[in-house]
Structures are given as structure tokens and as C-alpha cells.
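First up is the structure itself, then whatever we jot down about it.
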Amino acid sequence: PVSAYNQKTRYCRQHIHKNETIHIRSLGKLVKSIATNRSLMGIIAAALMLLLSQLTMSGMSSYVYPNYYGSAAAQSLSSLVGMAGTLLICAPTAVKLSQKFGKKELATAGAIVGAVSYLLCFLLRPSNPFVFVAFAAVATISMGYFNTVVWAMITDVIDDTEVRTGVREDGTVYSVYSFARKLGQAISSGLIGALLTMVGYSEATAFDPAVTGKIFNLACLAPFAGFVALALILVFLYPLNKTRVEQNVATLAARREGKEN
């Protein structure tokens, strides 16, 4: 291994253009650039809200099926149906739908469908666990569209930043977005425990009808609130609709064509 490493480093050459100017910004300017980047702030807020909704859905399913419905089979089926639906429905259609309607528009529609699904489930309070599985599957599949196009939306944010500032900051945007997601995962790690404590769940009250009823309410209303917040963020904070994205692409293409000429 040592000899192989020596061979790699010995014959590896880095070509540096002496006339190339390297711009290094201060931390203060970097923070200011990020804070004033509306498209970046919007996609981070939307991704965090999606992450919280997704973790709440998966976390509460471990309690609503065995404790409220008393059906472990429904819990297993719910995971399978949601995963299969995302692979069979979202993956093949997301690109065509986003090209026709726009990525922001597709993600917003998915958030609205997910919110409506959980609201109907809360109002109807189905006694059959497999009806709950159906509502959860609709929400999971609708959420899957945003999960499918979110990294393409990051590219749109990079393009928008370049149009505004004249500097392409792929590394900055990707690293800030990834850090924000990690931070959201850390924050949400205790979310389910906090929600269960709030409704009085414990080992002694795990199957108390008063507590299980509140578990059902949480399993519906927490994702509903998350989807509503996600839709509002996409509509009012995230600015890159289909028209804006197409304008940015055309602007950048014209700039690059002018540089080449």
C-alpha cells in the first residue's frame, strides 16, 4: 500500500495557472452572502420542514399502529407501500412533471396533497388501520416528489446566485445546505420523545385509551402542520418558480456565449 501511494503521488502533477485570480472572502462576508440569499434560505427552510415532517411520520408510526390500532402488520405494510409508491410513481414521473410545471410548483402541490391527506385522516378517524395506511401512503408519495427534485432545486439556487452576484458558488451552497440538514436531523432526534411526553405517554399509559387517542391526533396533526408550513415556505419564501429558473438559465447561457465570443 505504501509503494502504491508513493507511485500515485510521484506521478501526479497539479497544473496551476499563474494568472488565475483566487477570491477568498472573509467569514463575515460569507455569512452576509448566505443570509441575504433568499433562494438558499428558502430551500434550506423547506428541506428542514420536509425532514421534520418525514421523521415525525416515521416516528409516530411506531406508536399509532401498535398502540392505537393494535396492528403490527399495518405498520410493516405502511413502510412497504410508501417506499414502493415513491419508487414506482415519483421516480418515473418527477422529471416530466417538473419540466412541465416547475420543480417549485411540483413540490408545493405535493405538500398540499400531503396536508390534505392527513387532515382528512384526522377528521374521519378511520377504525381500520389499513385505511390509515392508505392516507399515510398518499402523503408519503406526495412528499416523495420533493425528495426526488430537491437536489435539482439546489442547482437552481446555484444558478440564481451566479445570476445575482456573477460568482458561481457550488461548494458554498452545497456545504451550507448539507450542514443545515445535519443540524435539522440533530434537532429532530428528540422530537418524537417530546411529543409523546406532551400527551402523557409512558410505559404505564401506553395503551390507555385517552393517551392512544392523543397519539392518533399527533400522528395526523404533526405531519399536517409540517406540510402546511412546507407549502407556505415554498410559496412565499422560495422564489425560484418555473419562469424564474428558465430566465436564469437563459441569462447564464447568454453570458457564457458572450465570453466565448
Side-chain angles (χ1 to χ4, degrees), residues 46 49-94 97 106-150 185 188-232 234:
M49 194 54 60
L50 176 69
L51 181 64
L52 291 174
S53 301
Q54 187 175 6
L55 292 175
T56 302
M57 288 170 59
S58 61
M60 291 307 301
S61 67
S62 299
Y63 297 91
V64 70
Y65 289 115
N67 294 71
Y68 182 77
Y69 285 111
S71 175
Q75 181 180 356
S76 301
L77 181 64
S78 177
S79 301
L80 178 62
V81 171
M83 187 181 304
T86 301
L87 291 174
L88 298 176
I89 298 176
C90 297
T93 61
L97 290 175
L106 179 61
T108 304
I112 293 172
V113 171
V116 170
S117 178
Y118 271 111
L119 179 60
L120 287 176
C121 187
F122 172 73
L123 295 175
L124 296 176
R125 301 187 76 86
S127 58
N128 190 319
F130 297 102
V131 177
F132 188 94
V133 169
F135 281 113
V138 171
T140 300
I141 294 170
S142 66
M143 177 180 65
Y145 279 108
F146 188 17
N147 274 326
T148 304
V149 302
V150 65
Q185 289 173 342
S188 63
S189 60
L191 179 62
I192 299 300
L195 291 175
L196 291 172
T197 301
M198 186 175 66
V199 300
Y201 177 87
S202 66
E203 186 177 352
T205 62
F207 294 94
D208 187 325
V211 174
T212 57
K214 292 178 181 179
I215 288 175
F216 175 86
N217 294 343
L218 277 179
C220 294
L221 294 181
F224 165 74
F227 281 123
V228 169
L230 173 58
L232 292 175
L234 288 171

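The first residue in the sequence is number 1, and the count goes up from there.
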Practice task
Step by step, work out the side-chain contact (heavy atoms from CB on, under 4.5 Å) result for Asn147 and Thr86.
Solution key: CA-CA 9 Å; Asn147 274 326; Thr86 301; over 6 Å; no
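Once rounded to the nearest 0.5 Å, the distance linking CE of Met143 with OG1 of Thr148 reads 10.0 Å. The OG1 atom of Thr108 sits 7.5 Å away from the CG atom of Leu230 when rounded to the nearest 0.5 Å. For the atom pair CG of Asp208 and OG of Ser202, the computed distance is 9.0 Å after rounding to the nearest 0.5 Å. Here the CG atom belonging to Leu195 is positioned 10.5 Å from the OH atom belonging to Tyr63, to the nearest 0.5 angstrom. Distance check, rounded to the nearest 0.5 Å: CD1 of Ile215 to OH of Tyr69 gives 12.5 Å. The structure places CD1 of Ile192 at 6.5 Å from CG of Leu196, a figure rounded to the nearest 0.5 Å.
The heavy-atom pair separating Thr212 from Asn67 by the smallest distance is CG2-O, 3.4 Å. Looking at every heavy atom in both residues, Val228 comes nearest to Ala115 through CG2-CB, 3.9 Å. In this structure, Pro126 and Val131 approach most closely via the heavy-atom pair CB-CG1, 3.6 Å. In terms of heavy-atom proximity, Ala139 sits nearest to Ser142 at O-OG, 2.7 Å. Scanning all heavy atoms of the two residues, the minimum distance from Ala46 to Leu234 falls at CB-CD2, 3.9 Å. Shortest non-hydrogen contact noted between Pro223 and Leu218 is CD-O, 3.5 Å.
The side-chain heavy atoms of Ile89 and Tyr145, taken from C-beta on, include a pair separated by under 4.5 Å.
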For residues 50-61, run the donor-acceptor check on the side chains, cut-off 3.5 Å, and write out each pair with its distance to 0.1 Å, sequence neighbours left out.
residue, atom, partner, partner atom, Å
Ser53, OG, Met49, O, 2.9
Thr56, OG1, Leu52, O, 2.6
Ser58, OG, Gln54, O, 3.3
Ser58, OG, Leu55, O, 3.1
Ser61, OG, Ser58, O, 2.6

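Taking the six-membered ring where the residue is Trp, Phe132 and Tyr118 present perpendicular rings, their angle passing 60° and hence far from 30°. Using a 30° and 60° split on the angle between ring planes, Phe122 and Phe216 fall in the parallel class, below 30°.
Not a single donor-acceptor pair under 3.5 Å links the side chain of Ser117 to the backbone N or O of Val113.
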